[in-house]
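Side-chain atoms are counted along with the backbone in the values below, which use heavy atoms only and exclude waters and symmetry mates.
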Amino acid sequence: NATSKHSVCHMQSQVTEFVVFDTGSTNLWMASDYCTEGPCTKPGRSRFNHTMSTSFIEPDSQHTLHVEFGTGKLSGLLGIDNFHVGPFTVKRQAFGMIEHQDGPVFERV
């Protein structure tokens with residue numbers, strides 16, 4: 001049974017982002033500027049803008065990622081950037097940049 005934890009973290013050169021860690025998954029997804037409709041655009045929600053990051057890297061070969069959880073689906077492009085959680089920094093972390101969210105769970109988190 002997967003559990004989720006929430007925390008505050010940020011990407012390089014951007015504002016603090018609120019994320020939900022899905023401890024039942026190995027995937028890392030961030031709401032992004034590619035998401036232009038749906039739950040990620042609700043007032044008060046932050047989105048990672050890859051064009052404003054000084055450390056963002058596009059992968060050599062771009063892929064659209066798709067993942068389906070028991071409570072919803074996500075899709076978006078792969079990105080690479082430095083990822084900060086508390087005092088820790090993971091350099092060149094690959095992550096999914098959410099473009100589409102589908103499922104009622106995203107209305108709540």
Side-chain angles (χ1 to χ4, degrees):
N1 189 359
T3 60
S4 60
K5 306 259 185 213
H6 61 85
S7 184
V8 174
C9 65
H10 68 277
M11 300 299 283
Q12 190 70 16
S13 304
Q14 300 245 349
V15 298
T16 300
E17 304 287 339
F18 179 82
V19 297
V20 176
F21 294 107
D22 178 0
T23 59
S25 170
T26 60
N27 302 315
L28 177 61
W29 289 86
M30 292 289 292
S32 76
D33 55 319
Y34 288 115
C35 190
T36 58
E37 61 185 13
C40 64
T41 62
K42 290 175 93 173
R45 296 205 180 175
S46 299
R47 288 179 283 166
F48 171 70
N49 185 337
H50 72 287
T51 64
M52 293 181 67
S53 174
T54 59
S55 55
F56 179 80
I57 301 169
E58 286 193 26
D60 293 336
S61 177
Q62 188 55 272
H63 301 283
T64 299
L65 307 171
H66 305 276
V67 65
E68 188 167 341
F69 303 100
T71 55
K73 297 185 259 187
L74 295 172
S75 64
L77 296 174
L78 182 66
I80 301 169
D81 207 334
N82 297 335
F83 192 81
H84 309 275
V85 179
F88 304 104
T89 299
V90 179
K91 294 189 182 272
R92 299 180 51 92
Q93 172 66 51
F95 62 100
M97 295 187 293
I98 298 172
E99 184 174 358
H100 299 286
Q101 296 174 314
D102 183 32
V105 67
F106 301 115
E107 295 291 334
R108 297 186 303 270
V109 295

Would you give me the side-chain donor-acceptor pairs under 3.5 Å for residues 36-43, sequence neighbours excluded?
{"residue": "T41", "atom": "OG1", "partner": "G38", "partner atom": "O", "Å": "2.7"}
{"residue": "K42", "atom": "NZ", "partner": "E107", "partner atom": "O", "Å": "3.2"}
{"residue": "K42", "atom": "NZ", "partner": "E107", "partner atom": "OE1", "Å": "3.2"}

Approximate separation, where rounding is to 0.5 Å, of [X] [atom1] and [Y] [atom2]:
X	Y	atom1	atom2	answer
M97	N49	CE	CG	10.0 Å
D33	I98	CG	CD1	12.0 Å
F106	K73	CZ	NZ	10.5 Å
C35	M30	SG	CE	12.5 Å
H66	H100	NE2	NE2	9.0 Å

Would you call L28 and F83 a side-chain contact if the rule is heavy atoms closer than 4.5 Å?
yes
Taking the side chain as every heavy atom from C-beta outward, state whether W29 and Q101 have any pair of such atoms under 4.5 Å apart.
no
With side chain to side chain contact (heavy atoms under 4.5 Å, CB included) as the criterion, how do F69 and L74 come out once you've worked through the C-alpha distance, each side chain's angles and the decisive distance to 0.1 Å?
CA-CA 8 Å; F69 303 100; L74 295 172; 3.7 Å; yes
Trace of the side chain to side chain contact (heavy atoms under 4.5 Å, CB included) decision for D81 with F48:
CA-CA 11 Å; D81 207 334; F48 171 70; 3.4 Å; yes
Side-chain donor or acceptor of N82 paired with backbone N/O of R92 under 3.5 Å:
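Checked: pair present.
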